[in-house]
Participant: 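Structure incoming, see below.
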Number of protein chains: 2
Amino acid sequence: MELQDASNALTALSQTSRLELFRLLVTSGDEGMPAGEISTALGIPKPTLSFHLKELSTAGLIAPERHGRSITYKINVDGIRSLMEFLTEDCCQGRPELCNISSTSSTSSNSLPTNLL
Amino acid sequence: MELQDASNALTALSQTSRLELFRLLVTSGDEGMPAGEISTALGIPKPTLSFHLKELSTAGLIAPERHGRSITYKINVDGIRSLMEFLTEDCCQGRPELCNISSTSSTSSNSLPTNLL
DNA sequence: CTGTTGATTCTATAAACATGGAATTACAAG
DNA sequence: CTTGTAATTCCATGTTTATAGAATCAACAG
């Protein structure tokens, strides 16, 4: 993943509505969720939501799937993983201690995963 | 870390110049790097760079430190960790398989940390 | 106090992004 | 072919963000 791709993915996630949307889809799993349902769930008008769905899709973080007349969106695991790999190479390889949360965190480190970034 | 804080941090990283800047500071370690040096290293005019430095500082990802007449910037480990924790709770708790790169990655997975997000 | 250097703030301009109503497309069923 | 529903695209508007020159501020040396 190139710097520009990572930047695009981060841009897609850098907006409150889209971050909420992303979180919703992450928890909705492989079945995903149809656009209309998302619209009512998040209280976002359909045209606005459609815009955000496209942003996340273009960034490769989610993917659409038509079922009859509704279009279901689900997370794109590979896309997410690519972003994480980029950040990992970026951050961890340069400074391993940033990734190892278990030994360094002072304030809030109860039962968190061992490696973060 | 709240949704808004995470969104702010992601916004700060979602711009090519700032992502490069962040990467540079990550690799520059605890000594950090004075603004002028960064300016020439990245080829960004000082006022523009100053703007980006402020964005990353406000987001809590880097921190300034004055030494004589120069101001050195270095990464803020705690801030970075907070963001990672947020993403971890967000993403991993919902779908653990997204975080476990060791078992699933196909292309570029030699000697990477076990958990990503 | 004066000059010099490192850095920021001010300011104007240009570019990109977000929002949501109106119009449109896509599909299914009668 | 017509109707209804799900979703998108079109478009106008308002808001935010990026850029970089000019002016300013801060620290130190003489």
Side-chain angles (χ1 to χ4, degrees), chain A residues 3-25 28 31-76, chain B residues 3-25 28 31-76:
Chain A
L3 184 83
Q4 189 58 57
D5 300 322
S7 179
N8 290 343
L10 290 168
T11 299
L13 289 175
S14 72
Q15 209 267 344
T16 314
S17 299
R18 284 199 295 266
L19 190 51
E20 287 178 312
L21 169 50
F22 178 76
R23 299 219 291 174
L24 181 64
L25 289 183
S28 79
E31 311 91 53
M33 208 166 178
E37 217 171 296
I38 300 173
S39 175
T40 55
L42 297 180
I44 301 175
K46 284 184 172 187
T48 305
L49 177 68
S50 209
F51 167 76
H52 289 312
L53 286 169
K54 199 189 212 175
E55 292 287 305
L56 285 170
S57 299
T58 302
L61 295 171
I62 66 174
E65 202 174 273
R66 182 176 278 276
H67 286 105
R69 77 189 77 178
S70 82
I71 299 180
T72 291
Y73 286 85
K74 54 162 73 169
I75 56 166
N76 179 357
Chain B
L3 185 82
Q4 189 59 56
D5 301 321
S7 180
N8 289 344
L10 290 168
T11 298
L13 289 175
S14 72
Q15 208 267 346
T16 314
S17 299
R18 284 198 296 266
L19 190 50
E20 287 178 312
L21 169 49
F22 178 76
R23 300 219 289 175
L24 181 63
L25 289 183
S28 79
E31 311 91 54
M33 208 168 176
E37 217 170 297
I38 300 173
S39 175
T40 54
L42 298 180
I44 300 174
K46 284 183 172 188
T48 304
L49 177 68
S50 209
F51 167 76
H52 289 311
L53 286 169
K54 199 190 213 173
E55 292 287 306
L56 285 170
S57 298
T58 303
L61 295 171
I62 66 174
E65 201 173 274
R66 182 177 277 278
H67 286 106
R69 76 188 77 180
S70 83
I71 299 181
T72 291
Y73 286 85
K74 54 162 71 170
I75 55 166
N76 179 357

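Computed from a predicted structure; not experimentally measured. Here is the naming used below: chain letters follow the sequence lines, and residue numbers restart at 1 for every chain.
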Participant: Pick out the pairs of N or O atoms, protein on one side and nucleotides 1-3 of chain D on the other, that lie under 3.5 Å.
Facilitator:
none

Participant: Give the rounded distance in Å between these two atoms: CZ of Arg18(B) and P of dT17(D).
Facilitator: 9 Å

Participant: Which residues in residues 4-12 of chain B have a heavy atom closer than 4.0 Å to any atom of DNA chain D?
Facilitator: none

Participant: Hey, does the side chain of Tyr73(B) come within less than 4.0 Å of dG6(C)'s phosphate (OP1/OP2), counting only N and O?
Facilitator: no

Participant: Taking the side chain of Gln15(A) as heavy atoms from C-beta outward, which of dA7(C), dA18(C), dT8(D) is closest to it?
Facilitator: dA18(C)

Participant: Between atom CZ in Arg66(B) and atom P in dA7(C), what is the gap in whole Å?
Facilitator: 9 Å

Participant: Identify, residue by residue, the members of residues 46-56 of chain B with a heavy atom below 4.0 Å from DNA chain C, and return them in order of residue number, or none.
Facilitator: Lys46(B), Pro47(B), Ser50(B), Lys54(B)

Participant: Quick one: list whatever passes salt bridge (charged side-chain N to carboxylate O under 4.0 Å, His left out) with Glu65(A), sequence neighbours left out.
Facilitator: Lys74(A)

Participant: Mind listing the side-chain donor-acceptor pairs of residues 42-63 of chain B below 3.5 Å, one per line with the distance, residues two or more places apart or on another chain?
Facilitator:
unit_1	atom_1	unit_2	atom_2	d
His52(B)	ND1	Arg18(B)	NH1	3.1
Ser57(B)	OG	Leu53(B)	O	2.7
Thr58(B)	OG1	Lys54(B)	O	2.8

Participant: Can you tell me the distance, in whole Å, between the CD1 atom of Ile44(B) and the P atom of dG21(D)?
Facilitator: 14 Å

Participant: For the atom pair CD1 (Ile75(A)) and CG (Leu21(A)), what is the distance rounded to the nearest 0.5 Å?
Facilitator: 12.0 Å

Participant: Ile71(B) CD1 to dT24(D) P: how many Å, rounded?
Facilitator: 19 Å

Participant: Distance check, rounded to the nearest 0.5 Å: Met33(B) atom CE versus Ser70(B) atom OG?
Facilitator: 11.5 Å

Participant: At what distance, to the nearest 0.5 angstrom, does CG of Asn76(A) lie from CG of Leu25(A)?
Facilitator: 11.5 Å

Participant: Could you list the donor-acceptor pairs under 3.5 angstrom formed between side-chain atoms of residues 5-13 of chain B and any protein atom two or more places apart in sequence or on another chain?
Facilitator:
unit_1	atom_1	unit_2	atom_2	d
Asp5(B)	OD2	Glu2(B)	N	3.3
Ser7(B)	OG	Ser14(A)	O	3.2
Asn8(B)	OD1	Gln4(B)	NE2	3.2
Asn8(B)	ND2	Gln4(B)	O	3.4
Thr11(B)	OG1	Ser14(A)	O	2.8
Thr11(B)	OG1	Ser7(B)	O	2.8

Participant: Please list, chain by chain and in numerical order, all residues satisfying side chain to side chain contact (heavy atoms under 4.5 Å, CB included) with Glu31(A), sequence neighbours excluded.
Facilitator: none

Participant: Measure all distances between protein nitrogen or oxygen atoms and nitrogen or oxygen atoms of nucleotides 28-30 of chain C, and list the pairs falling under 3.5 Å.
Facilitator:
unit_1	atom_1	unit_2	atom_2	d
dA28(C)	O4'	Arg69(A)	NH2	3.4

